[in-house]
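Written out below as C-alpha cells is the structure these notes cover.
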Amino acid sequence: FQPALRLLPREARETLASLAVFHGPFEATTARRVLQLDETRLTRDLRTLLRHHLISYTPAQGGVATIQLVGGLAALLRKNESGRAHDLRDAHAEWVSTLLEEAHDGALRHDQQHTFARIEPLLDDVDAAVDHLASQTRGEEALRLANHAWRIHDMAGRNENATQRLAPL
C-alpha cells in the first residue's frame with residue numbers, strides 16, 4: 001500500500017487516514033459527520049481513493065450505498081494514527097451510540113430483520129467504540145453502548161464473543 005499512498009494528494013491521504021476509524025462499511029454522510037469534512041472535499045477525496053482502489057464502493061440495493069477501506073489498509077493506517085485520532089474515535093463512538101440506540105428501538109419492533117441486517121456488518125465498529133469509551137474512563141457510556149450491543153451480538157449468535165468482549169465492563 002505504501003507506494004500507492006505516496007501517490008495520493010496530501011488531502012486525500014489525510015482523509016484516508018481518518019477513514020481508518022471505521023472498522024466496517026459506512027455511508028458517505030456518516031463519514032462527513034464523523035470526519036467533519038465538507039461535502040465537496042469528501043466527495044473529491046473519495047473519488048480519488050476509489051480510482052486508486054483504496055476503498056470499495058457498494059451501490060445501494062434498496063438502501064444506502066456504502067464505502068469500506070480495502071483489505072488490511074485500515075489496520076495499517078491505525079498503526080500510524082495522527083494527533084486527530086482521539087477526536088475521530090470520540091465522533092465515531094457517538095455515531096455508533098446513535099446507531100445502536102436507533103437499532104435497539106427497531107429490534108424491539110416489527111423490523112428486527114432489517115435492523116439486524118443493517119447492524120451486523122458494524123459489530124467490529126461497535127466493539128471499537130466500546131473499547132474506546134472504556135479506555136477513556138467513560139465506563140458509564142461504554143456500559144450503555146454495550147447494553148445495546150448485547151442484543152445485536154445475541155441476534156448474530158456471537159454470545160461467547162460478546163460475553164468475552166463485554167465482561168470487563
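Sequential numbering from 1 along the given sequence is applied to the chain's residues.
Residues satisfying the ring pair (Phe, Tyr, Trp, His ring centres under 6.0 Å) criterion with H132, sequence neighbours excluded, are H86.
Put simply, the side chain of R44 reaches to within 4.5 Å of the side chain of E11, judged on heavy atoms.
In this structure a side-chain-to-backbone donor-acceptor pair under 3.5 Å is missing from D124 to G24. In this structure, R78 contributes its side chain and A20 its backbone to a donor-acceptor pair below 3.5 Å. A distance-only check finds no donor-acceptor pair linking the side chain of T30 to the backbone of F26 [under 3.5 Å].
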>> Test side chain to side chain contact (heavy atoms under 4.5 Å, CB included) on V70 and H53; report intermediate values, then the result.
In response: CA-CA 8 Å; V70 297; H53 307 286; 5.9 Å; no
> Could you walk me through whether D45 and R13 pass the salt bridge (charged side-chain N to carboxylate O under 4.0 Å, His left out) check?
Replying inline: CA-CA 8 Å; D45 291 348; R13 280 194 313 272; over 6 Å; no
> Do R144 and E101 pass the side chain to side chain contact (heavy atoms under 4.5 Å, CB included) test, and can you show the C-alpha distance, the side-chain angles, and the key distance before you say yes or no?
Replying inline: CA-CA 9 Å; R144 185 173 42 85; E101 286 173 14; 2.6 Å; yes
> How far apart are the C-alpha atoms of L73 and L77, what are their side-chain angles, what is the distance that settles it, and do they pass the side chain to side chain contact (heavy atoms under 4.5 Å, CB included) test?
Replying inline: CA-CA 6 Å; L73 182 58; L77 293 170; 3.8 Å; yes
> side chain to side chain contact (heavy atoms under 4.5 Å, CB included) between L8 and L5: does it pass, once the steps are laid out?
Replying inline: CA-CA 5 Å; L8 293 173; L5 297 178; 4.0 Å; yes
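The CG atom of L35 lies 4.5 Å from the OG atom of S18; values are rounded to the nearest 0.5 Å. Atom OG1 of T58 and atom CD1 of I67 lie 9.0 Å apart (nearest 0.5 Å). Rounding to the nearest 0.5 Å gives a distance of 7.0 Å between CG of L49 and OG1 of T15. Atom CG of L69 and atom OG of S56 lie 8.0 Å apart (nearest 0.5 Å).
Exactly one residue among L122, V21, L100 makes a side-chain contact (heavy atoms from CB on, under 4.5 Å) with W95. That residue is L122.
Under the 4.0 Å criterion applied to side-chain N and carboxylate O atoms, R41 and E14 are assigned as salt-bridge partners. Remark: E94 does not engage R33 in a salt bridge, criterion side-chain N to carboxylate O under 4.0 Å. Ion pairing of R138 with D90 is present here, as a side-chain N (NZ or NE/NH1/NH2) and a carboxylate O approach within less than 4.0 Å. R32 and E27 are not joined by a salt bridge, as no carboxylate oxygen comes within less than 4.0 angstrom of a charged side-chain nitrogen.
Classification of the H92-F22 ring pair by plane angle, with boundaries at 30° and 60°, yields perpendicular.
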